[in-house]
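Inspection log for the structure reproduced underneath, given as structure tokens.
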2 protein chains.
Amino acid sequence: MAQKDTVDRILDAAEALFAERGFAETSLRTITSTANVNLAAVNYHFGSKKSLIQAVFVRFLEPLADSLSDRLDAAQADGQELSLDDLLSLLASAILSAHGEDDVNRTASFMRLLGLAYTQSQGHLRDYLRDRYGSVSTRYVDLLRPACPQLEDTDLFWNTHFALGAAVFSLSNYGALDAMLKDDSGQESRIMNVIKRLLAFISAGVQVSVKV
Amino acid sequence: MAQKDTVDRILDAAEALFAERGFAETSLRTITSTANVNLAAVNYHFGSKKSLIQAVFVRFLEPLADSLSDRLDAAQADGQELSLDDLLSLLASAILSAHGEDDVNRTASFMRLLGLAYTQSQGHLRDYLRDRYGSVSTRYVDLLRPACPQLEDTDLFWNTHFALGAAVFSLSNYGALDAMLKDDSGQESRIMNVIKRLLAFISAGVQVSVKV
DNA sequence: CCTCTTGGCAAACGTATGTTTCAAACATCC
DNA sequence: GGATGTTTGAAACATACGTTTGCCAAGAGG
């Protein structure tokens with residue numbers, strides 16, 4: 001099982017380092033020496049750095065997409081409609097459970113990666129993720145529509161992206177923000193409470209309809 | 001005035017390229033050849049790439065900070081309290097006017113930079129900006145408190161960061177989102193309308209209080 | 001006229017990066 | 001147990017980067 005070991009050690013190291021410093025700022029040498037594997041192992045097992053980046057995302061998104069699909073199946077089985085808050089907490093718990101609730105830091109660091117995937121150019125990643133996970137996300141958004149009957153499609157489009165921004169930004173900078181809060185007020189936050197706040201914020205914002 | 005020309009050409013090129021591709025992904029060679037100046041000019045005029053990055057931010061933030069201060073002065077002169085919506089649209093118009101409303105693209109691309117400053121590690125930038133513009137931002141947040149009397153300090157802290165995330169994310173990806181919307185619905189957005197939507201979204205979300 | 005400063009230019013420097021190579025070690029199967 | 005295919009290891013490769021250097025042109029001041 002030497003191979004699986006090596007591959008996973010590389011993925012672990014890459015995931016943590018990418019989340020911490022970004023893609024371009026993380027060299028293969030840093031990754032391989034953190035993972036205690038030979039430099040050439042990355043190109044041997046993954047082919048290139050680009051493919052490594054994609055593999056990191058796939059390893060996280062695959063269970064998430066499955067978990068989200070399962071929960072949607074279960075929730076839709078009753079036949080009754082899902083409310084906005086149902087849908088939001090369903091998504092939140094799918095994300096949290098995708099790799100065990102215990103490892104909340106991993107979730108936070110994945111949110112950071114998600115943010116990076118958007119902000120850092122990495123066009124190849126965006127395209128790759130879209131055509132691999134587009135159907136799940138479309139299914140989710142389609143459920144949002146009847147949950148917010150007062151919204152036009154354009155309202156829904158922008159509101160969901162505002163919400164996505166709030167989530168990605170705040171969770172991906174959770175570490176820095178928590179430190180800032182502690183500086184200012186001496187208090188410390190717990191990530192579950194922040195997620196609760198975030199869901200409330202999003203829920204209120206998403207329902208806003210704007211006539212232009 | 002050969003110098004000012006060179007300095008500004010570098011700043012223009014750097015601003016656009018950084019916004020488009022990020023800091024690490026933009027080389028000095030790309031910047032200088034876009035700006036039609038010699039490679040050594042960057043290190044001659046700015047000292048280093050780090051200082052160039054800072055200079056790009058200062059060139060944008062300085063007028064913005066001034067414009068925001070002025071507007072706050074003017075608004076506070078009447079003596080009457082500022083509502084949340086007053087404060088939000090005041091900030092929005094300060095940002096838009098900081099470099100002329102005509103060049104909305106420049107504002108969008110600056111939002112992208114702002115997002116990068118958060119997500120890309122660039123610790124030096126974060127510290128530098130904080131101690132240079134911390135006082136203006138503190139002043140603004142202090143006005144937010146009485147405008148949302150029902151909020152605890154912790155509510156306000158997280159809600160403002162959620163709002164910041166929504167703004168930075170959506171505006172900095174405005175180009176991509178607009179294209180996506182057009183693909184989906186054939187419609188096209190105008191950025192002023194999106195800003196209007198964003199303000200409504202934020203206004204609703206910020207006022208949410210959460211008991212934990 | 002000479003000197004000194006400022007800005008620009010081409011070339012080079014040193015380093016770090018992603019990738020490739022090739023031989024050695026290892027595992028697997030007949 | 002030897003042959004075969006797979007995985008590691010150390011080294012090299014080619015390239016791209018930020019930065020530095022040394023020289024030249026133009027202008028200012030005495």
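Keep in mind that this is a model prediction, so the values were computed, not measured. So that the names make sense, note that chain A is the first sequence line, chain B the second, and so on, each numbered from 1.
- Sequence order on DNA chain D of the closest nucleotides to A/Y44 and A/A40 puts A/Y44 first from the 5' end.
- An OP1 or OP2 oxygen of D/dT19 is reached within less than 4.0 angstrom by a side-chain nitrogen or oxygen of B/N43.
- Using a 4.0 Å heavy-atom cutoff across all strands shown, A/T30 reaches no nucleic acid atom at all.
- Between B/D178 and A/W158, the shortest heavy-atom contact is N-CH2, 4.4 Å.
- The two residues A/A204 and B/G205 come nearest to each other via the heavy atoms CB-CA, 4.4 Å.
- The nearest whole Å value for the distance from the CD atom in B/E25 to the P atom in C/dT17 is 14 Å.
- What separates CG of B/L39 from P of C/dC13 is a distance of 15 Å, to the nearest Å.
- Distance, B/I31 CD1 to D/dC17 P: 11 Å, rounded to whole Å.
- Listed here is the closest heavy atom pair of A/F57 and A/L129: CD2-CD1, 3.8 Å.
- Remark: B/T6 is in phosphate contact with C/dG8, judged by side-chain N or O atoms under 4.0 Å from OP1 or OP2.
- Atom CZ in B/F46 sits roughly 16 Å away from atom P in D/dT20 (whole-Å rounding).
- The minimum heavy-atom distance linking A/L84 with A/S203 is given by the pair CD2-O, 3.8 Å.
- The interatomic distance linking A/N38 (CG) with C/dT20 (C1') rounds to 12 Å, in whole Å.
- For the pair A/L28 CG and C/dT15 C1', the interatomic distance rounds to 17 Å; values are reported in whole Å.
- Relative ring orientation between A/F60 and A/F110 is described as parallel, the plane-to-plane angle staying below 30° on a 0-90° scale split at 30° and 60°.
- At whole-Å resolution of the value, NZ in A/K49 and C1' in D/dA16 are 13 Å apart.
- Contact annotation: B/H45 does not reach the phosphate of C/dT6 (side-chain N/O to OP1 or OP2, under 4.0 Å).
- For B/S27 and D/dA16, the shortest distance from a side-chain N or O to OP1 or OP2 is not below 4.0 Å.
- Atoms CD1 (A/I10) and C1' (D/dT7) sit 11 Å apart, rounded to a whole Å.
- Of all nucleotides listed (D/dT7, D/dA12, D/dC17), D/dA12 comes nearest to the side chain of A/R29.
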